[in-house]
Amino acid sequence: MSSSSLNSRSCSRSNSVGDSQCVLITGFEPFGTHAINPSWEIANKLDGKTVSGSATQTAHKKARGTHTPMTYTIRSVLLPVVYSKVPEIMDDLLQDSNISLVVHCGVGLPGSFRMEERARNRDYTKIDNDGESPHDNRCGEGPDELSTKIDLQRVLSRVSDASGIQVNKSTDAGLYLCEYTYYNTMNKSEVPAVFIHIPPIEKPYTLQEMETKIEQIVQALVDEVVSTRQIIPHKDASWVSHFQKIRDENPDMATAACAMRTLIDYIRKTDAATLTGLREGIKSVMDALTGSMDSKITSVSSGCELFLRFITLKAEYSKDFDECKRQLVDTGTQYLRKADLGRGKIAKKGLSFIRDGAIVLAHAYSRTIVAVLQEAARAKRRFTVYVTESKPSSQGLKTAARLQEHGIPVTVIPDAAVGYVMESVDLVLVGAEAIVESGGIINTIGTYQIALVAKASNTPFYVAGESFKFVRLFPLNQSEIPAQRCTALPSLPLGLTSLNPLMDYTPPSYITLLFTDLGLLTPSAVSDELIKLYL
């Protein structure tokens with residue numbers, strides 16, 4: 001079969017990705033010595049079958065008054081072994097908001113199934129079925145490596161059984177069309193994705209045995225992404241896309257403010273006919289927005305909760321439901337306007353703490369930190385900044401670039417050099433994803449160890465964060481941080497496991513002051529302010 005006819009067939013399949021939520025499974029055409037490609041033979045046999053959500057989603061639905069778990073239909077698509085065609089086909093497929101999970105399959109080495117943890121953006125020198133390789137041997141614009149959002153170790157624990165069929169994790173997807181396709185999907189879409197290499201037929205498993213195993217793995221993958229809230233109900237997926245569009249178009253707007261704008265737009269456009277239905281709809285969208293983030297505890301979750309409470313308490317309800325919705329929109333817009341002013345207030349309050357000649361240590365990326373330092377620069381304060389690289393996300397590089405744009409002297413340091421530079425640092429300044437009841441913070445991984453070093457060196461440790469990041473949570477240690485997605489460390493040698501959390505908890509005893517739009521607060525004052533916010 002020619003590549004052109006395969007391309008046509010793939011597009012016709014993509015149009016059939018239908019009206020309900022689905023799992024997209026792809027397989028490849030024959031290539032090289034593989035006259036029959038088992039990846040497509042298996043994917044094709046699974047087309048139209050269904051898998052159901054796990055107990056986690058079922059429990060979530062019971063809380064809403066229903067008892068039927070979500071069902072996902074498998075849709076299969078054949079991909080050509082042609083570098084130039086795969087991105088276009090996948091771009092077309094991923095426009096469909098019904099797709100909840102992408103499972104790419106490809107033929108690999110004999111012996112076992114391999115679930116790939118990462119995909120690289122380099123060294124694609126092997127020739128495809130059209131005799132070509134990618135320009136510059138890369139997938140295109142993007143980071144050097146991407147890792148799946150799915151915790152594959154947990155999936156492995158779900159698929160272990162007595163069948164004797166081996167399923168392993170891998171960090172080397174082969175630098176051919178398999179890895180190329182995997183990288184492009186993760187780079188261009190927020191939909192959870194994984195790549196599975198299956199052995200050739202009869203090496204050692206039959207096609208039927210492999211089909212059964214892939215179906216079991218797909219069920220385990222669905223269970224995992226449902227339990228970690230990575231699958232978003234179809235009715236709310238468009239609002240997540242709307243939220244992401246607002247973020248892309250307003251890079252300086254706080255993520256929580258983008259979420260609030262999304263809720264305001266939802267109230268304007270919803271067809272809910274009662275206050276109860278409207279409130280349930282708002283909460284459903286809030287759940288979807290929170291579920292789209294890498295952690296359940298972020299400024300999005302706390303900001304949306306405070307937003308909903310504010311508009312519920314402040315709105316003057318009318319007998320005319322349309323008028324009631326207009327009042328909610330007006331009240332929500334008022335709250336959003338107030339939230340937008342918070343960063344400027346914090347910047348002015350933080351100014352007095354940055355004196356001439358100061359050396360500041362900043363960690364990761366925070367719009368509020370950048371605003372404080374920009375305010376100091378506008379006030380003609382002469383100071384320099386160390387910024388941690390903030391691996392593995394490298395968020396510190398973004399902070400460094402923003403400070404450079406404003407003429408602020410900045411030096412990037414590796415995370416491991418914090419102790420080395422601390423003796424010359426006058427103050428530490430960090431942001432926060434969440435400010436908890438005790439006055440501690442949840443923030444980008446590495447914040448806690450910086451606080452430990454600062455405490456040992458008697459260096460002031462300041463936190464800058466808006467009041468919409470105040471959250472009713474009281475963790476006592478790292479294990480009590482709510483669920484977060486952990487991906488594999490990049491460039492991890494085969495056979496090693498990794499622990500790569502996104503956030504950590506810094507107790508209040510390590511924090512000197514918090515710069516907030518409510519004022520300069522000691523950690524002990526946070527609980528009082530939190531009570532006022534929720535009264």
Subject >> 4.5 Å side-chain heavy-atom contact, Pro475 and Val436 >> reply: yes
Original post:
With a 4.5 Å limit on heavy-atom distance, are the side chains of Phe28 and Cys178 in contact?
Top reply: yes
**OP:** Begin from the C-alpha positions of Val222 and Leu101 and carry the test side-chain contact (heavy atoms from CB on, under 4.5 Å) through to its verdict.
**Re:** CA-CA 7 Å; Val222 169; Leu101 171 68; 3.9 Å; yes
Original post:
Nearest 0.5 Å, what's the OH-CD distance between Tyr183 and Glu145?
Top reply: 9.5 Å
Original post:
Is a salt bridge present between Arg118 and Glu179, judged by a nitrogen-to-oxygen distance below 4.0 Å?
Top reply: no
Original post:
Would a 4.5 Å heavy-atom cut-off, applied to side chains only, mark Tyr83 and Tyr180 as touching?
Top reply: yes
**OP:** Check whether the ring centres of Tyr176 and Phe31 lie less than 6.0 Å apart, and answer yes or no.
**Re:** yes
Original post:
Have Ser100 and Gln21 got a donor and an acceptor in their side chains that come within less than 3.5 Å?
Top reply: yes
Subject >> Phe243 vs Val300 side-chain heavy atoms within contact, under 4.5 Å >> reply: yes
**OP:** To the nearest 0.5 Å, tell me how far Leu476 CG sits from Ile481 CD1.
**Re:** 11.5 Å
Subject >> Leu502 and Ile445, any side-chain heavy atoms less than 4.5 Å apart >> reply: no
Subject >> Any donor-acceptor pair under 3.5 Å from Lys469 side chain to Ala432 backbone >> reply: yes
**OP:** Under the ring pair (Phe, Tyr, Trp, His ring centres under 6.0 Å) rule, collect the residues that match up with His197, sequence neighbours excluded.
**Re:** Phe195
Original post:
Is it true that Asp265 and Arg268 make a salt bridge, defined as a side-chain N closer than 4.0 Å to a carboxylate O?
Top reply: yes
Original post:
Does atom NZ of Lys45 have more than 12 heavy-atom neighbours from other groups under 6.0 Å away?
Top reply: no
**OP:** Decide, yes or no, whether a salt bridge links Asp252 with Arg367 under the criterion of side-chain N to carboxylate O below 4.0 Å.
**Re:** no
Original post:
Salt-bridged, Glu224 to Arg158, with N to O below 4.0 Å?
Top reply: yes
Subject >> Whether over 12 other heavy atoms sit under 6.0 Å from Ile36 CD1 >> reply: no
Original post:
Can you check whether Leu397's main-chain N or O pairs, donor with acceptor, with Ser394's side chain at less than 3.5 Å?
Top reply: no
Original post:
Quick one: do Asp136 and Arg122 make a salt bridge, cutoff under 4.0 Å?
Top reply: no
**OP:** Indicate the atoms forming the closest heavy-atom contact of Leu177 with Pro80, along with that distance.
**Re:** CD1-O, 4.3 Å
**OP:** Using modelled atom types only, decide if a donor and an acceptor are shared between the side chain of Asn121 and the backbone of Cys139 within a distance under 3.5 Å.
**Re:** yes
**OP:** Determine, stepwise, if the pair Lys169 / Glu116 fulfils salt bridge (charged side-chain N to carboxylate O under 4.0 Å, His left out).
**Re:** CA-CA 6 Å; Lys169 287 192 301 180; Glu116 304 294 343; over 6 Å; no
Original post:
Can you name the nearest heavy-atom pair linking Val471 to Ala434, along with the distance?
Top reply: CG1-CB, 3.7 Å
Original post:
Donor-acceptor pair, Lys213 side chain versus Gln166 backbone, under 3.5 Å?
Top reply: no
Subject >> Side-chain donor or acceptor of Asp128 paired with backbone N/O of Gly131 under 3.5 Å >> reply: yes
Original post:
Quick one: are Tyr182 and Leu146 in side-chain contact, heavy atoms under 4.5 Å?
Top reply: no
**OP:** Can you measure from CE (Met210) to CG (Leu207) and round to the nearest 0.5 angstrom?
**Re:** 5.5 Å
Subject >> Taking every non-hydrogen atom, the tightest pair across Pro199 and Val107 >> reply: C-CG2, 4.4 Å
Original post:
Have Gln395 and Lys398 got a donor and an acceptor in their side chains that come within less than 3.5 Å?
Top reply: no
**OP:** Quick one: pull up CG in Leu328 and OG1 in Thr331 and give me the separation to the nearest 0.5 Å.
**Re:** 6.0 Å
Subject >> Intermediate values then yes/no, side chain to side chain donor-acceptor pair (under 3.5 Å), Ser170 and Asp172 >> reply: CA-CA 6 Å; Ser170 166; Asp172 184 359; over 6 Å; no
**OP:** Could you walk me through whether Glu211 and Leu46 pass the side-chain contact (heavy atoms from CB on, under 4.5 Å) test, one step at a time?
**Re:** CA-CA 8 Å; Glu211 177 190 343; Leu46 295 178; 4.0 Å; yes
**OP:** List the atom of Gly431, the atom of Ser366, and the distance in Å for their closest heavy-atom pair.
**Re:** CA-OG, 3.8 Å
**OP:** Check whether any side-chain heavy atom of Ile264 sits under 4.5 Å from a side-chain heavy atom of Thr262, and report yes or no.
**Re:** no
Original post:
Less than 4.0 Å between a side-chain N and a carboxylate O, is that true for Glu249 and Arg261?
Top reply: no
Original post:
Between Tyr505 and Ile442, what is the shortest heavy-atom contact and its length?
Top reply: CD1-CG1, 4.4 Å
Original post:
Would you find a donor on one side and an acceptor on the other, under 3.5 Å apart, between the side chain of Asp123 and the backbone of Arg138?
Top reply: no
**OP:** In plain terms, say whether Glu323 and Lys325 are close enough for a salt bridge, that is, a side-chain N and a carboxylate O under 4.0 Å apart.
**Re:** no
**OP:** Could you tell me whether the side chains of Asn477 and Ser479 share a donor-acceptor contact shorter than 3.5 Å?
**Re:** yes
Original post:
Hey, does the side chain of Thr290 reach the backbone of Met286 with a donor-acceptor pair shorter than 3.5 angstrom?
Top reply: yes
**OP:** Would you sort out whether Met115 and Ile217 count as a side-chain contact (heavy atoms from CB on, under 4.5 Å), showing the intermediate values?
**Re:** CA-CA 10 Å; Met115 292 192 292; Ile217 293 172; 4.1 Å; yes
Subject >> Under 3.5 Å side-chain donor-acceptor pair for His104 and Thr26 >> reply: yes
**OP:** For the residue pair Leu24 and Val103, establish whether any side-chain heavy-atom pair is separated by less than 4.5 Å.
**Re:** no
Subject >> Test log, rule salt bridge (charged side-chain N to carboxylate O under 4.0 Å, His left out), inputs Asp91 and Lys188 >> reply: CA-CA 8 Å; Asp91 285 352; Lys188 296 180 179 179; 3.4 Å; yes
**OP:** Compare every heavy atom of Ser189 with every heavy atom of Leu94, then report the nearest pair and how far apart it is.
**Re:** CD1-CB, 3.7 Å
**OP:** Without swapping roles, check the side chain of Asn184 against the backbone of Glu88 for a donor-acceptor pair under 3.5 Å.
**Re:** no
**OP:** Start with the C-alpha gap between Asp223 and Gln219, add the side-chain angles, then the distance that decides, and say whether side chain to side chain donor-acceptor pair (under 3.5 Å) holds.
**Re:** CA-CA 6 Å; Asp223 288 346; Gln219 178 65 68; 3.0 Å; yes
Original post:
When you measure from the side chain of Thr333 to the backbone N and O of Val329, does any donor-acceptor pair fall under 3.5 Å?
Top reply: yes
**OP:** Describe, in one word, how the ring planes of Phe310 and Tyr335 are oriented to each other, choosing from parallel (under 30°), tilted (30 to 60°) and perpendicular (over 60°).
**Re:** tilted
**OP:** Could I get the full list of side-chain contact (heavy atoms from CB on, under 4.5 Å) partners for Gln244, not counting sequence neighbours?
**Re:** Glu190, Val240
**OP:** Hey, could you give me the CG/CD distance between Leu221 and Gln216, rounded to the nearest 0.5 Å?
**Re:** 10.5 Å
Original post:
Within the side chain of Thr447, is there an N or O that forms a donor-acceptor pair under 3.5 Å with the backbone of Thr444?
Top reply: yes
Original post:
When rounded to the nearest 0.5 angstrom, what distance separates CD1 in Ile196 from CD1 in Ile214?
Top reply: 4.0 Å
**OP:** Give the intermediate values and the outcome of side-chain contact (heavy atoms from CB on, under 4.5 Å) for residues Ser299 and Glu433.
**Re:** CA-CA 6 Å; Ser299 59; Glu433 272 295 332; 4.2 Å; yes
